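The first residue in the sequence is number 1, and the count goes up from there. If you're wondering where the values come from, they're calculated on a predicted model, not measured in any experiment.
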Amino acid sequence: MGSRARALAERLEAVRWGGEPLPSWHRLFLEHMRVGALWARHLGLRATVFDIPGTVAPGLDADAELVRRVEESLSRSYPSYYDRRSTRWALAMAAVRDAGVALPDLPDPYEPLLMLFERGGSYGVDCAGVFWEVGFVGVPRRRYLDAKAVDEPVAPLDHDLLDEYDLEQALRDDRWPGGGSAVLEALDALRRR
């Protein structure tokens, strides 16, 4: 059992899904898709959300006990099928790194999703299968497949900077449900968990 996979399992066990959607959820999901597109381009695939560890190291998976612990923890929450699948992929990616498999010099494809989960977020697919649903926002599933501008990050991987972004967005956009006060309450609830 490697140290990366063990540390990731602890992070995932601490996640509590739910709460008021935050503007940062959308940005973090876009960042996950952007990094997924970089990996897909490197691997010669046309995807943005896919089983990266299963592609780069088929058959290598996280320790079964770690996976069981995380799945047991998930059963006490309300993650979507896609959240569950992504946690398994993230654990497998940590196991791939722990095993010392040679990987390209690309960002971790699952860190943006882990931060989305840590901020109470979740994602799924709309009933038509056209959009990823992230909070109140729909993201086209094909986004980034043909995009050339995937080199610039779309979200900082820092919870303090994401807090600032959430507040700025809520205060600037009166369409955000509840405005700044709802975001402040959601951020306060995250800190109390």
Return the minimal non-hydrogen interatomic distance between [X] and [Y], and the atom names on each side.
| X | Y | value |
| --- | --- | --- |
| P107 | V35 | O-CG1, 3.5 Å |
| G135 | P21 | CA-CB, 4.0 Å |
| A62 | V67 | CB-CG2, 3.8 Å |
| R41 | D151 | NH1-OD1, 4.2 Å |
| A155 | R27 | CB-O, 3.6 Å |
| V137 | H26 | CG1-CD2, 3.2 Å |

For F29 and H32, take the angle between the two ring planes, folded into 0 to 90°, and tell me which bin it lands in: parallel under 30, tilted 30 to 60, perpendicular over 60.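 Rings of F29 and H32: tilted, as their planes differ by 30° to 60°.
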Please work out which of the three classes, parallel, tilted or perpendicular, describes the rings of Y123 and W132, given edges at 30° and 60°.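 Judged by the thresholds at 30° and 60°, the geometry between W132 and Y123 is perpendicular.
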Please examine the side chains of [Y] and [X], heavy atoms only from C-beta on, and report whether any two atoms are closer than 4.5 Å.
| X | Y | result |
| --- | --- | --- |
| W39 | P104 | yes |
| L162 | D160 | no |
| V70 | L91 | yes |

D163 vs L22, side chain to side chain contact (heavy atoms under 4.5 Å, CB included): CA-CA, chis, key distance, verdict: CA-CA 9 Å; D163 288 353; L22 295 168; over 6 Å; no
Give the cluster check for [X] versus [Y]: same hydrophobic cluster or not, with ILVMFWY residues linked at side-chain heavy-atom distances below 4.5 Å.
| X | Y | answer |
| --- | --- | --- |
| Y82 | V130 | no |
| L43 | V101 | yes |
| Y78 | W25 | no |
| L28 | F50 | yes |

Cationic N near anionic O, under 4.0 Å, R68 to E72: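 Result for this pair is yes, salt bridge flagged.
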Closer than 4.0 angstrom, basic N to acidic O: yes or no for E111 and R11?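 Salt bridge: yes.
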Any donor-acceptor N or O pair under 3.5 Å, side chains S24, R119: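 There is such a pair (donor and acceptor under 3.5 Å, judged by atom type) between the side chains of S24 and R119.
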Could you check whether D83 and S80, counting side-chain N and O atoms only, form a donor-acceptor pair closer than 3.5 Å?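 There is such a pair (donor and acceptor under 3.5 Å, judged by atom type) between the side chains of S80 and D83.
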Approximate separation, where rounding is to 0.5 Å, of [X] [atom1] and [Y] [atom2]:
| X | Y | atom1 | atom2 | value |
| --- | --- | --- | --- | --- |
| Y81 | S86 | OH | OG | 9.5 Å |
| R88 | L12 | CZ | CG | 12.0 Å |
| L74 | T87 | CG | OG1 | 5.0 Å |
| H159 | M115 | NE2 | CE | 3.5 Å |
| M33 | L38 | CE | CG | 12.0 Å |
| R76 | R16 | CZ | CZ | 6.5 Å |

Criterion salt bridge (Lys or Arg N to Asp or Glu O under 4.0 Å) against R4, the qualifying member of D98, D108, D63: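 So the option named by the test is D98.
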Test log, rule salt bridge (Lys or Arg N to Asp or Glu O under 4.0 Å), inputs E13 and R69: CA-CA 8 Å; E13 287 174 311; R69 274 182 28 206; 2.8 Å; yes
Before you tell me yes or no, could you show the steps for E133 and V125 under side chain to side chain contact (heavy atoms under 4.5 Å, CB included), namely the whole-Å CA-CA distance, both residues' side-chain angles and the distance that decides it to 0.1 Å? CA-CA 5 Å; E133 292 182 334; V125 175; over 6 Å; no
Let's go through Y165 and L161 carefully: what are the C-alpha distance in whole Å and the side-chain angles of both, what is the deciding distance for side chain to side chain contact (heavy atoms under 4.5 Å, CB included) to 0.1 Å, and is it a yes or a no? CA-CA 6 Å; Y165 173 79; L161 293 176; over 6 Å; no
Step by step, work out the side chain to side chain contact (heavy atoms under 4.5 Å, CB included) result for S77 and V15. CA-CA 9 Å; S77 299; V15 167; over 6 Å; no
Donor-acceptor contact present, side-chain R141 to main-chain F131, <3.5 Å: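 Absent.
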Partner of M93 by side-chain contact (heavy atoms from CB on, under 4.5 Å), out of L8, D51, I52: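 Going through the options one by one, the only one that passes is I52.
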